[in-house]
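Note on naming: letters A, B, ... go to the chains in the order of the sequence lines (proteins, then strands), and numbering restarts at 1 for each one. No experiment lies behind these values; they were computed from the predicted model shown.
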Amino acid sequence: MPEKPTKQDDSFIVPIGPQHPALKEFEYFELRVDGEQVLDVSVRLGYNHRGIEKALESRTYSQNLYLVERICGICSHAHTTCYCQAIEQLLNVEIPDRARYIRTLVAELERIHSHLLWLGIAAHEIGFDTLFMYVWADREIVMDLLELISGNRVNYAMNTIGGVTRDVRPAMSDKIMTGIHQLEARARYYKGMCLEEGSVMQRVAGVGILQRQDALDLCAVGPTLRACGVASDLRKDDPYAAYDALSFDVITYDGGDVGSRMLVRIDEVAQSVHIIEQCLQQMPPGSLQVKVPGKVPSGEAVSRVEAPRGELIHYARSNGSDQPERYKVRAPTFANMPALSKMLIGGYIADVPIVIAGIDPCFGCLDRMSFVDVRTGRNWVWSSEQLRRRAQA
Amino acid sequence: MTTAGLILRLVIFPGLLLLFVLAFVWEWLDRKFVARLQKRHGPLYSGPAGILQPLADFIKLLAKEDIEPAVADKAFFRVTPALLLALPLAGLFFVPIASETALAHFPGDLIVVLFLFTLLVITIFYAGWGSADRFSIIGVMRSTIQMLAYEVPLNLALVGPALAAGSLSISRIVGWQSTAGRWLIVGQPLGFAVALISLMAELELTPFDIPEAETEIVAGWQTEFSGRKLALIRLGEDMNLVLASSLLVALYLGGPAGPVPGLGLLWFLIKAVAVVYVFSNLRAVFARFRIDQMVNWCWKYLVPAAVAQIIITELILA
């Protein structure tokens, strides 16, 4: 029998996590529910902490490339791009133009792969496994393209400090073109299907609403923010790689619900296809990388990249040696966490999985900063103020 | 009929053995159909085209550790899995499969089958409640709310065939169809659709798999069951699928009657496979309802449709 209610209310705690079928990684959401209604939610992070920042500080800059690549299994290219940009800034080197375009091209293929993966997961969360299977079958097209370019499906190892490691040969262009056009057609098909299939729309429209002002106040990023009608995209606002030379639209929707987040992502697939086309057409000839020294002059640098999930920030401080003195990663999922708590309260238990999935959480990216005192068992997280003080110390 | 003959009929054909074989084959068919709709292959390795996979799963589960939560209500927790298998099996004795008369029949056995459907939900309630798990409790709450939504349209829909045939016995309804020379689906397509959808809710198939929604509440009321108990529950679900498809075949599709007499079982199987195919199709093309949406939808569309079918049937009869 269930626990005896201590108070008059009928609410009880439903744990989502640390292990739960809705979560692909470990995180803990404690829901206080009354029947099917969620009254309150408390989020506890840190289950996936791997000590990557500390590890980064005890390895050389070139070794760190491999570690940074493995912060996330999906947006691995975004992390290395961000890392390389920060270190290149410290070294004060300009990478060749061709390398810029190749970085952009792989980044957009990665965005397509990430958004399709998300759409599949979202379909699974609302119990629509057929869509999940279809989307993931189509995702193989982009996985094959990434393998064609880099030799790998997940960790592409394309970036290096000072440029990229592999070229996109002209022979690949045709295959990439065919592939992305197939993907564009599929994205259009899925958009039509999501809009027309009533059982999908009734599970995502009006669910997990985040008001525009809340999104801004709580510093939401990426598709979560753009689904609230805020046209914020680093590729436009603070162009890096080759984005300043390419034309594309920033997709926004006004709903602020999971449905809008879904449509933002599907439309972004089409925009990515558009960007890749331009990359292939405009890519200048030239070398792929410049040679850089192993030791980095002292200084600090902040680098920002629009990862598939939103704004990714890397901070590096060097002391003139071949290892960073301090390295900090702010993943987009971390920025979206406060907004997520807002979305969950007042909803139904049935909507919790799709709302959590709605921000496209990546806990592997997120969890690097949590402190546990092993003697007392106390667990706490540092505020940004404390982090800043620590970084300056 | 001699006692030996009766026992033979009960245990082997068309009794228990046939029903168990059907349960496993139906699960395999359903998995295959859905897999093909989802661009997958489904079971492949156990037996030809994976036909033995459900049996292999069953045996594997039997051998697995059987864990009972310390706080579970042991009596409920142990009895309910067996009941969940026994109830649909009992119902199947009233449904004609190989011949026009069922193994057991009496005027009013249709009511008994409907009663068994309700009893199944109550058993599910005790199974989930007895496991004393948060996810199970939410699951059984959803299960009972769901019953409030589909039970009325299901019962209303099944009144249709009884009205037309003038009997509350499933065997009589089958007999009426073969003497009248037409299947009841011809006059009652709406009733058939309502019964089909309500039975999907009864079977907890997508989009009505709300009580065991994996991504929301783990496995709902089944969460705490493992090993032998889970094996029985899963076999019970398969048996329930056999019962639902057989009932639809008997009431609307003429049961074992077919163009060539004497091949009752064959005609029955063909029709039942078609019904399973429809179930699989429907469960592949929708996203899961939320419980409030499901209740709303059932009362808004299914109940009026079922009532309309009864009125039409009455008008035709009059």
Student: Any side-chain heavy atom of A/L195 within less than 4.5 Å of one from A/L263?
Tutor: yes
Student: Within a strict 4.5 Å, meaning less than it, do heavy atoms of the A/L119 and A/R265 side chains meet?
Tutor: no
Student: Would you please indicate if the ring centroids of A/F132 and A/W136 are separated by under 6.0 Å?
Tutor: yes
Student: Go through the atoms of B/D292 and report whether side chain, backbone, both or neither lie under 4.5 Å from a heavy atom of chain A.
Tutor: side chain
Student: Which of residues 39-58 of chain B get closer than 4.5 angstrom to chain A, counting heavy atoms alone?
Tutor: B/K39, B/R40
Student: Can you list the steps and then say if A/E196 with A/K191 is a salt bridge (charged side-chain N to carboxylate O under 4.0 Å, His left out)?
Tutor: CA-CA 9 Å; A/E196 282 160 25; A/K191 187 180 177 185; over 6 Å; no
Student: Below 30° counts as parallel, above 60° as perpendicular, anything between as tilted: where do the rings of B/W297 and B/Y301 land?
Tutor: tilted
Student: Quick one: salt bridge (charged side-chain N to carboxylate O under 4.0 Å, His left out) partners of B/D30, sequence neighbours excluded?
Tutor: B/R283
Student: Less than 4.5 Å apart, any side-chain heavy atom of A/R309 and any of A/I74?
Tutor: yes
Student: Who passes side chain to side chain donor-acceptor pair (under 3.5 Å) against B/D66, sequence neighbours left out?
Tutor: B/R228, B/K229
Student: Is any side-chain N of the basic residue among A/E125 and A/R203 closer than 4.0 Å to the acidic one's carboxylate O?
Tutor: no
Student: Is A/V207 in contact with chain B via its backbone, its side chain, both, or neither, using a 4.5 Å heavy-atom distance?
Tutor: side chain
Student: Which region of B/F135, side chain (C-beta onward) or backbone (N, CA, C, O), has a non-hydrogen atom less than 4.5 Å from a non-hydrogen atom of chain A, or is it both or neither?
Tutor: side chain
Student: Give the interface residues of residues 138-149 of chain B toward chain A, defined by a heavy-atom separation under 4.5 Å.
Tutor: B/I138, B/M141, B/R142
Student: Rounded to the nearest 0.5 Å, how far apart are CG of A/D34 and CG of A/L31?
Tutor: 13.0 Å
Student: How about A/R226 and A/Y253: do any of their side-chain heavy atoms sit closer than 4.5 Å?
Tutor: no
Student: Tell me, side chain or backbone of B/V34 under 4.5 Å from chain A's heavy atoms, or both, or neither?
Tutor: neither
